[in-house]
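Below you'll find the structure, written out as structure tokens, and then a few comments.
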Amino acid sequence: MRISEHPILKFRRGHRVRFYFDGQEMKGFEGEPIAAALHAEGVRVLHYSEAGRPRGFFCAIGNCSSCLMMVDSQPNVRTCITPLRAEMDIRTQRGRGVLSGEQSEDRES
């Protein structure tokens, strides 16, 4: 599910790397946006809103919040503009996300 040829654009692909999505091993190209790597692997839901609605790859320029995910234990990472690196641990985020050490009850007040 990747564009490999284009009449105008040139694609420079990084090395093929392994990463993990919700504990499942996947492959992508180093330097490509995380959301693009997930999309190429068939992942269409990246985030769930606070109301529990699924969100997918939308703006692809970092302006919306549809691609927010937990990346290497850091919540609210905009995966459409964050480059993929080898061995990243990427997790589906539900709602606003909670920073480590923060109480979820504190977030609701």
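Side-chain N or O atoms of Thr79 include one that pairs as donor or acceptor with a backbone N or O of Cys67 at under 3.5 Å.
Across all non-hydrogen atoms, the minimal contact from Pro33 to Cys80 is CB-O, 3.3 Å. The minimum heavy-atom distance linking Met70 with Gln93 is given by the pair N-OE1, 3.8 Å. Closest of all the heavy-atom pairs between Gly31 and Pro83 is O-CB, 3.8 Å.
Summarising the local packing, CD of Glu25 is surrounded by more than 12 heavy atoms from other residues, nucleotides or ligands at distances under 6.0 Å.
Residues passing the salt bridge (charged side-chain N to carboxylate O under 4.0 Å, His left out) test with Arg91 are Asp89, sequence neighbours excluded. Not counting sequence neighbours, Arg94 has no partner by the salt bridge (charged side-chain N to carboxylate O under 4.0 Å, His left out) test. With sequence neighbours excluded, the residues satisfying salt bridge (charged side-chain N to carboxylate O under 4.0 Å, His left out) with Glu87 are Arg18. Applying the side-chain contact (heavy atoms from CB on, under 4.5 Å) criterion to Arg53, with sequence neighbours excluded, gives Ser49, Ala51, Arg55. Not a single salt bridge (charged side-chain N to carboxylate O under 4.0 Å, His left out) links Asp22 to another residue, sequence neighbours left out. Judged as a side-chain contact (heavy atoms from CB on, under 4.5 Å), and not counting sequence neighbours, the contacts of Pro54 are Val45, Tyr48.
When hydrophobic side chains of Ile, Leu, Val, Met, Phe, Trp and Tyr are connected at separations under 4.5 Å, Tyr20 ends up as a singleton with no cluster partners. Counting side-chain heavy-atom gaps under 4.5 Å among Ile, Leu, Val, Met, Phe, Trp and Tyr, the cluster of Phe21 also holds Val17, Phe19, Met26, Ile34, Leu38, Val43, Leu46, Phe57, Met69, Val71, Val77, Leu84, Met88, Ile90.
In this structure, CD on Glu41 lies 10.0 Å from CZ on Arg44, to the nearest 0.5 angstrom. Of the inter-residue distances, the one linking Arg16 atom CZ with Phe29 atom CZ reads 4.5 Å to the nearest 0.5 angstrom.
Listed by first and then second residue, the salt bridge (charged side-chain N to carboxylate O under 4.0 Å, His left out) pairs that reach into residues 56-72 are Asp72-Arg85, sequence neighbours excluded. Residue pairs meeting the side-chain hydrogen bond (donor to acceptor under 3.5 Å, both in side chains) criterion with at least one member in residues 58-67, sequence neighbours excluded, do not occur.
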